[in-house]
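Numbers restart at 1 for each chain; the letters A, B, ... are given by sequence-line order, proteins then strands.
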Protein chains: 2
Amino acid sequence: MTLNPDDSRPPYQQLAAALREAIDRGEYPPGAQIPSGSELSTKYGVARATVTSALRLLRADGMIVSRQGQGVFVKSDALEGGTKSKGSPEFIAITERLDELARLVSSLAERVAELELVMPAPVQQDAGPTNE
Amino acid sequence: MTLNPDDSRPPYQQLAAALREAIDRGEYPPGAQIPSGSELSTKYGVARATVTSALRLLRADGMIVSRQGQGVFVKSDALEGGTKSKGSPEFIAITERLDELARLVSSLAERVAELELVMPAPVQQDAGPTNE
DNA sequence: CTATATTTGTACGTATGTATC
DNA sequence: CGATACATACGTACAAATATA
């Protein structure tokens, strides 16, 4: 499988569309693991960075989740028909912002959890008022 | 200005935090143009791709807008009013909530980063459970 | 209108770090 | 410990859009 050089869209968008279609087609059913970045890179004749860019779009669509050391998996509630990939530019922009924000919040939560492990326990204030 | 190698955050997140702080500090006021990718690359000693990654976070925060052939500009609510208000009231409301949330998360990220600098590094437990 | 420089966007190939198996 | 897989980074190159001479 190769990308179409006549397509006006850049390769990473074409690859994203191809993967979306494959998911909708059921080639990668919900919960299944998508081929690794290296495999996709070889299969479609693009660099691994291009695969990463394409997967970022799918992640923004909420169709996949990436787990370091494991792989990339199709989300269980991935919609059929590619409804999420369409919509107004504003919708896409908001979705991407939400995705980045969600990832940032996740990493923040982990960092805070680690900090709490090494933090001395908060000193109990002497019977302070609990109102807000 | 150079990045801190002791910071546990990857360079692109450090750079994003530095740029966020510079914007909040008023070094790049609303509507102003941020130094070009090449300049930031030289100034902070990172690759341009790293600058791009950092700017993607700021874009996710809603702090900047990029215009190909022109540059990257600090987003100004007043400046953006003309083009951004072309959505349904629901879209505008969601965008505003997203903006506030992004700002809150950004401030949280900076506070966590400061805490991590003062805190002792978490010890790696070599006999811990590896399952989840 | 054309040519050139600037800036962002995208892509490539390679390398390293880290998590998981 | 070794193999696999994603995350990140580097440096280079070209395309697209814009501004300017």
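- As a whole-Å value, the separation of Q14(B) CD from dA9(D) C1' is 13 Å.
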Does the pair R56(A) and E100(A) meet the rule for a side chain to side chain contact (heavy atoms under 4.5 Å, CB included), with working shown? CA-CA 10 Å; R56(A) 174 174 21 252; E100(A) 293 287 352; 4.1 Å; yes
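- Contact of the R97(A) side chain with the D99(B) side chain is registered, since non-hydrogen atoms from C-beta on lie closer than 4.5 Å.
- Put simply, the side chain of I23(B) reaches to within 4.5 Å of the side chain of I64(B), judged on heavy atoms.
- Of the candidates dT8(D), dA7(D), dG9(C), dT8(D) carries the atom nearest the Y12(B) side chain, counting heavy atoms from C-beta on.
- Separating the CD atom of E39(A) from the P atom of dA3(D) is a distance of 17 Å, rounded to the nearest angstrom.
- Side-chain contact check for K43(A) versus P35(A): every heavy-atom pair is 4.5 Å or farther apart.
- The residues R25(B) and E21(B) are annotated as salt-bridged, a charged nitrogen and a carboxylate oxygen being separated by less than 4.0 angstrom.
- Considering only heavy atoms from C-beta on, L40(A) comes within 4.5 Å of L19(A) through its side chain.
- Checking dT8(D), dG17(C), dA5(D) against every side-chain atom of Q68(A), the shortest atom distance belongs to dG17(C).
- Atom-to-atom, CZ of R56(B) to P of dT8(C) comes out at 15 Å; the value is rounded to the nearest Å.
- Computed from coordinates, the R67(A) CZ to dA5(D) P distance equals 16 Å when rounded to whole Å.
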Protein and nucleotides 19-21 of chain D: nitrogen or oxygen contacts under 3.5 angstrom:
unit_1, atom_1, unit_2, atom_2, d
dA19(D), OP1, Q70(B), NE2, 2.7

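- Put simply, the side chain of L57(B) does not reach to within 4.5 Å of the side chain of L104(A), judged on heavy atoms.
- In this structure, the CG atom of L104(A) is 16 Å from the C1' atom of dT8(D), given to the nearest Å.
- Separating the CG atom of L40(B) from the P atom of dG9(C) is a distance of 13 Å, rounded to the nearest angstrom.
- Using a 4.0 Å cut-off between charged side-chain N and carboxylate O, R9(B) and D7(B) make no salt bridge.
- Atoms CZ (R9(A)) and C1' (dA16(D)) sit 18 Å apart, rounded to a whole Å.
- The OG atom of S41(B) sits 8.0 Å away from the CZ atom of R48(B) when rounded to the nearest 0.5 Å.
- Atom P of nucleotide dT8(D) and atom CG of L15(B) are separated by 14 Å, given to the nearest angstrom.
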Using the 3.5 Å cut-off, write out each protein N or O paired with an N or O of nucleotides 12-16 of chain C and the distance between them.
unit_1, atom_1, unit_2, atom_2, d
dC12(C), OP2, A47(A), N, 2.7
dC12(C), OP2, T50(A), OG1, 2.1

